[in-house]
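Worksheet for the structure shown next.
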Amino acid sequence: MPKRSSFRNRFSFYLLAIGSACGLGNLWRFPYIVGENGGGAFLLLYVFLALTVGMTLLIAELMLGHFTGVSVLAASRKVSIQSKKPIAAFGWLSVIISAVTLAYYSVICGWVLHYLTQFIMSLFQSDSSAYLSHMSVTMLQQNGWLQFMLASVHLLISVVIIVKGLGDGVERWITSLLPVFGLLVVVLLIGSLSLDSTPDVLRFLFYPDFSKLNWNSLGHAVGHVFFTLSLGFGTMVTFGSYFRKDEEHLPTLGLRVTLIDTLISIVAVLLIFPIAFSTTKQPLTDPSLLFEVLPRFLSTYKGGVIFGLTFFLCLWLAALNASLGLLETITANLVEKRPHLKRSVAASISGLAILFVTVFPAFSGSLFKSFKLRGHGLIEIFDSFLINGLLPIAGLGMVIIVTLGLTENDRKELFLHEKSITSQTMYPHWRSALKWVVPAVIVLGLLLQVLGLFFA
Ligand code: PFF
C-alpha cells in the first residue's frame, strides 16, 4: 500500500476540498465566460447546474474514493473487477485530462506570477502607476520563452511541495492564506460596487435575457461547473480516499463545497465587472481582461500597488493550491500503479511530463501562432477542447463508474447518515439525478456545441 498523507482533522479536509475547487477558475475564468455568454441568463443557468449536476457528481466522486480507498485509476480498476464491468478505462481519461489541464493551468499561473513580479518591480520605480499601465497580457502571450519559464517555476514549486508531503505543506498555506484573501476581496468588492458602473452591471448580471444564450452556453456552463468544482479529474476521488466517514457526512461535504465555490464565483463576477464596465465600457469577454483591467484600476489609487501586490500574491497562492490538487492526483495514481516508485520520484516524473505539454500553450502566441482553428489560437483550443469537451466526457465516465461499479447497497450506505431523515429523503433524488439528469445534461451540452459548429 503506498504511503498516503492523511488529514489531521475534518477542518483540514474542508480546506483541502475548497482549496482545490477555488482558484483561477473562479476569479479569472468565470467572469469572462459569463461575459462571453451574455450575463444574467448564463449566470442563472450556471448556478442551477452547479447545485444540481455539479453537487451530484461531487458527492459521487467523493463516494468512489471513500469506498475504494484509492485514487481514480486503481479505484476504477477495483470496481471494474468487482462488478465485472469493463469500466476501468474511464480512470485513464481522468488522469490524462488532469495532466494536460495542469500544463495549461501552469501557464495561466505563470501570468499571475508575472503580474506579481511587475507589482514588486513597480515599487522601485519613480512613477509606479505609469509603469503598471504598460503591462499587457498580449505582450506576455507573444513571449513564449517567458511564459514557459514562468510556468516552469510554478510547476517546480508545486513538485517540491508535493514531494514534501501534502498534509504538512498545504494545510499551513491555506490556513494563512484564506483570511487575508477574504479580506482583500471584501475591500475590493466594496470599492468596485461603489463605482458608477454598478447599476449597469447589476442589470447585466441579474436581469436574465434568455435570447443571449447560444448553442454553446449549456456546454460552457457544464464544462465550467466541472472545472471549478474539480470534477472529472479524479481529484475528488483522491480526496475522498483520504476521508474518514466518522469525520463528516459525504453529501453534506459535497453541498458545502458546492455552495462556497458558487458563492465565490458570484463574488468574483461582482468584483470584476464594475471595474471592467467602468474602464472598457463593456463586460469581460476575453481571457486577458482580468489581467488588463485590474492592475490599471488599482494603479490609479493611492496604496493600490501594495493592494495589487497582495491580491496577486493571494491569487497565485490560491492557484498554487489548486495546482497541488491536480499534481497530487497524478502522483497518487502513479504511485498506486507503480508501487516501487518513491513519492518524490513519481512527483518529479509527473512534473517533467507536464512541463513537456506546457510547451504548447506557452508558445501558442509565438512559435505556434499560425496554428489556428476557426480563428482560435492554440491556447483557446486547449481551454475549449479540454474544459468544454473532454471534461464533461470524463464526468460521464465517473457517472458510469459509480452507477455500474458500485451496488445500490454500497451507494446507499455511503449516502445515508444514521440519524438524519433528510439524507433518507434526499437519497432517491440524488440517485435519479446521477443516473438520468447528469448524463442527459452532459450529452445535450456536447450535442448542442457540435450542432453550433454547423448552424451558428
Ligand atoms: N477548480 C480549480 C479552479 O477553479 O481554478 C481548477 C482545478 C484545480 C481543477 C484542481 C482540478 C483540480 F484537480
Side-chain angles (χ1 to χ4, degrees), residues 15-34 46 50 54-55 57-58 61-62 64-65 71-73 91 93-112 154-155 158 161-162 166 170 173-174 177 181 220-242 254 257-269 272 287 290 314-333 347 350 354 361 382-383 386-388 390-392 394-395 398:
L15 281 184
L16 199 87
I18 292 168
S20 159
C22 300
L24 290 172
N26 306 68
L27 281 140
W28 160 71
R29 196 173 187 275
F30 188 60
Y32 87 77
I33 65 157
V34 170
Y46 171 83
M55 189 175 68
L57 197 59
L58 178 51
E61 286 201 17
L62 289 170
L64 178 66
S71 297
V72 68
L73 266 189
L93 181 62
S94 292
V95 178
I96 293 168
I97 291 178
S98 297
V100 181
T101 302
L102 185 52
Y104 163 66
Y105 205 72
S106 298
V107 173
I108 313 296
C109 291
W111 293 5
V112 182
H154 178 80
L155 260 179
S158 309
I161 295 175
I162 290 291
L166 186 81
V170 180
W173 284 76
I174 317 170
L177 155 84
F181 203 19
H220 284 190
V222 174
H224 191 78
V225 165
F226 286 9
F227 181 69
T228 189
L229 290 175
S230 311
L231 300 174
F233 296 93
T235 313
M236 291 298 171
V237 179
T238 305
F239 291 169
S241 74
Y242 295 148
V257 173
T258 309
L259 284 179
I260 293 173
D261 186 79
T262 309
L263 193 72
I264 293 175
S265 291
I266 295 174
V267 168
V269 171
I272 307 228
L290 163 72
C314 288
L315 184 60
W316 178 67
L317 289 178
L320 175 67
N321 191 33
S323 309
L324 294 175
L326 280 167
L327 190 58
E328 167 64 18
T329 308
I330 301 161
T331 307
N333 276 294
S350 310
I354 292 160
F382 247 78
D383 181 284
L386 258 180
I387 298 173
N388 305 327
L390 279 184
L391 202 51
M398 292 290 178

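Remember, predicted model here, so these are calculated numbers, not experimental data. Every number for a ligand or one of its atoms is a count from 1 in the order of the listing. Only this structure's heavy atoms are used, side chains among them; waters, hydrogens and symmetry mates stay out.
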Beyond-backbone contact of Pro31 with Leu290, side-chain heavy atoms, under 4.5 angstrom: no
Any N or O of Gly325 closer than 3.5 Å to N or O of ligand 1: no
Gly23 neighbourhood, listing ligand 1 atoms whose heavy-atom distance to it stays under 4.0 Å: 3 (C), 4 (O), 5 (O)
Where ligand 1 meets Leu24 - atom numbers and elements under 4.0 angstrom, heavy-atom basis: 5 (O)
Test item: side-chain donor near acceptor, Asp261 and Thr228, under 3.5 Å: yes
Which residue and heavy atom of the protein sit nearest atom 7 (C) of ligand 1, plus the separation: Ser230 OG, 3.7 Å
Nearest protein heavy atom with distance in Å, relative to atom 8 (C) of ligand 1: Ser20 O, 3.3 Å
Closest protein heavy atom (residue, atom, distance) for atom 13 (F) of ligand 1: Thr235 OG1, 2.4 Å
Ala332 versus Thr238, closest heavy-atom pair with distance: CB-CG2, 4.2 Å
Aromatic plane relationship, His224 with Tyr46 - under 30° parallel, 30 to 60° tilted, over 60° perpendicular: tilted
Parallel, tilted or perpendicular, as decided by the 30° and 60° cut-offs, for the rings of Trp28 and Tyr104: tilted
Minimum-distance protein heavy atom relative to atom 4 (O) of ligand 1: Ala21 O, 3.0 Å
Residue-ligand contact Thr329/ligand 1, heavy atom below 4.0 Å: no
Nearest-contact summary for atom 10 (C) of ligand 1 - protein heavy atom, Å: Ala322 O, 3.2 Å
Any Tyr105 heavy atom less than 4.0 Å from ligand 1: yes
Shortest non-hydrogen separation from Phe239 to Ser20 and the atoms involved: CE1-CB, 3.5 Å
